[in-house]
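Have a look at the structure below before the remarks.
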Amino acid sequence: MATTSICFWLTGRVLLMLAVGLLVGWFADQVFLGLFLALALYTLWSHRQLYRLLGWLNRAGDQELEPPQSSGAWGEIFDSIYRIQNRHSRAKKRLANVIERIQESTAALNDGIIMVDACGGLEWWNRAAGELLDLHMPDDQGLPLTNLVRNPKLAQYMDDSTDREPIKIDSPVHEGRQLQIAITVYGQGSQLLLVRDVSRLHQLEIMRTDFVANVSHELRTPLTVICGYLETLGDAVKMSDDMPPAFNRALSRMQEQADRMQRLIEDLLLLSRLEATEPERCCQTVALKPLLAGIVTDATALSGEKQHQIRLDCQDDSAVLGEPMELRSAFSNLVYNAVRYTPAGGEILVKWWQDSRGGYLMVQDNGVGIDPVHIPRLTERFYRVDKSRSQMTGGTGLGLAIVKHVLLRHDGCITISSHPSSGSRFICHFPLGRIVPG
Ligand code: ADP
């Protein structure tokens, strides 16, 4: 009923009571007493209705109780509240049904889903998540997930999950099993965790790396023998004058290809090791100036007659925490690439600098450059922009994949910017925790 009609009812009733009081008072020659009694009676009646309303609201609580019977405006008030209450309880039931259906469908998933509030407390999880992470409903509800699943990698990921790849952790329940966790942030800092058992994929991945490592290892010995014989043959051919030129050419081609295969096997072995082993826990302090100076000297030798201008810009006391051999391998791949993909006389700059966000190693050249469409896939194994050009330069197609893995093991990342004919710039970023203060 509209508010105006309730007001009309109330005013109408008050006027009626006043009229009755006035009439009775007039007959009894006590007009004011009559009016006073009429008003007092009306106030008492209104109070009684108010108490009935409060009593009903208190009793109703969660259950649906019929409102008390009343007439006039109070009856309308009771009915209006009852209608609103009914509407709300119908909406609540609908919502509860939707939530129940969502929970039923997510419970049927094989992947775990966990909802964590802005403070890291567990809000809700499905059956699979409970099994994968050993969470118990309702005992664990509200507890911080990181207290129940004690894993530093997960704690770090939950602290900062923005723009980060999913992580893999050892299962806290089943030994030897691997879980992949991906976090999506929603609402006011709440997190949705997707937990997946990737043990099988992980097993296949291990089998693949083991296979590549074993094959490379097995090929290394026969290849060393072949290279040795080719070298001996080459020396013999050089000394003899009556060898046909075609034989000479064939021999030098065989030596070239054997060398390339050896480089390929070394790179494959290094990549398998980088993938298969955990990074060293205690890192060494790697002074950058001597490391980069050595690489620049080797690059100058590689450049040879091409006479590239290779410049090094690095402070004497710059150093990072890491594995020296791995860092050498990554940085030398970048500098040698710059030499191989820059025409004779080109300029190459190797520069190290630091700021409040960490340290940066840049290798910049003014060589052939790369079309930006290739850049996202450049660090994939055997991805080449131009196969024939890469083969001419003697590349293995694994250089940038090695760089990426080394940086990952040092909590770093690589940024590539390049355009055809205007050179390339590769920047390796190391976080502040990896920088040794000078
Ligand atoms: P490759 O052994 O073939 O050089 P990499 O993994 O080192 O393999 O590099 C992948 C591809 O990226 C190369 O084939 C080449 O096309 C391109 N590339 C790498 N560095 C440079 C560079 N400095 N300038 C131009 N192209 C480059």
Side-chain angles (χ1 to χ4, degrees), residues 61-63 88-210 275-281 405 408-409 411 413 431 433:
D62 289 337
Q63 22 166 338
H88 276 240
S89 71
R90 275 200 302 276
K92 221 163 105 178
K93 266 187 202 146
R94 264 203 309 275
L95 216 63
N97 274 343
V98 172
I99 293 175
E100 205 174 309
R101 286 187 58 197
I102 292 176
Q103 288 188 344
E104 269 171 17
S105 54
T106 47
L109 288 176
N110 287 331
D111 292 343
I113 298 173
I114 304 172
M115 285 161 80
V116 173
D117 63 26
C119 305
L122 283 165
E123 266 183 343
W124 178 86
W125 59 93
N126 67 350
R127 181 194 46 79
E131 284 171 14
L132 290 169
L133 295 175
D134 197 24
L135 305 175
H136 302 279
M137 191 83 85
D139 299 359
D140 295 339
Q141 223 159 8
L143 298 179
L145 177 63
T146 43
N147 279 12
L148 300 167
V149 182
R150 295 206 168 263
N151 189 301
K153 232 167 141 185
L154 177 66
Q156 204 187 0
Y157 187 35
M158 286 186 73
D159 277 347
D160 176 23
S161 57
T162 36
D163 297 333
R164 279 186 58 185
E165 293 281 305
I167 53 158
K168 276 192 200 149
I169 61 165
D170 291 332
S171 162
V173 188
H174 306 106
E175 208 178 313
R177 302 200 105 177
Q178 283 274 313
L179 301 179
Q180 187 190 57
I181 300 184
I183 296 182
T184 309
V185 180
Y186 70 97
Q188 305 283 314
S190 301
Q191 294 179 319
L192 184 81
L193 279 80
L194 261 171
V195 189
R196 176 177 279 183
D197 186 341
V198 287
S199 312
R200 178 139 177 76
L201 273 176
H202 184 70
Q203 206 58 39
L204 287 172
E205 186 73 6
I206 289 178
M207 271 164 64
R208 183 188 61 80
T209 20
D210 281 357
E275 278 181 326
T277 59
E278 283 293 313
E280 292 284 327
R281 276 196 178 270
H405 274 88
L408 278 178
R409 287 164 69 90
D411 312 315
C413 60

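The basis for the numbers below is simple: all heavy atoms, side chains too, and nothing from hydrogens, waters or symmetry mates.
- At least one side-chain heavy atom of Trp125 sits under 4.5 Å from a side-chain heavy atom of Asp140.
- For the atom pair CD (Gln180) and NE2 (His202), the distance works out to 11.5 Å, reported to the nearest 0.5 Å.
- Checked by atom type and distance alone, the side chain of Ser171 never pairs as donor or acceptor with a backbone atom of Gln178 at under 3.5 Å.
- Among residue pairs with one or both ends in residues 100-123, those qualifying as side-chain hydrogen bond (donor to acceptor under 3.5 Å, both in side chains) are Asp111-Arg196; sequence neighbours excluded.
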Which side-chain N or O atoms in residues 142-153 pair as donor and acceptor under 3.5 Å with protein atoms at least two apart or in another chain?
| from | atom 1 | to | atom 2 | distance (Å) |
| --- | --- | --- | --- | --- |
| Asn151 | OD1 | Lys153 | N | 2.9 |
| Asn151 | OD1 | Leu154 | N | 3.3 |
| Lys153 | NZ | Lys168 | O | 2.8 |

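- Under the salt bridge (charged side-chain N to carboxylate O under 4.0 Å, His left out) criterion, Asp197 pairs with Arg177, sequence neighbours left out.
- Across Leu194, Leu135, Leu192, Ile181, a single residue satisfies side chain to side chain contact (heavy atoms under 4.5 Å, CB included) together with Ile114, and that is Leu135.
- The distance from atom CD1 of Ile102 to atom CG of Asn97, rounded to the nearest 0.5 Å, is 11.0 Å.
- Residues passing the side chain to side chain donor-acceptor pair (under 3.5 Å) test with Asp134, sequence neighbours excluded: His136.
- Expressed to the nearest 0.5 Å, how far CD1 of Ile167 lies from CD of Glu165 amounts to 12.0 Å.
- Every residue two or more places apart in sequence or in another chain that forms a side chain to side chain donor-acceptor pair (under 3.5 Å) with Ser89 is listed here: Glu64.
- Within the 4.5 Å cutoff, the side chain of Arg127 has heavy atoms near those of the Glu131 side chain.
- At a threshold of 4.5 Å between non-hydrogen side-chain atoms, the residues Ile183 and Val116 do not count as touching.
- Test Asn126, Ile113, Leu132 against Val195 for side chain to side chain contact (heavy atoms under 4.5 Å, CB included) and you get one pass: Leu132.
- Evaluation of the side chain to side chain donor-acceptor pair (under 3.5 Å) rule for Gln191 yields no partner, not counting sequence neighbours.
- The structure places CD of Gln156 at 8.0 Å from CG of Asp159, a figure rounded to the nearest 0.5 Å.
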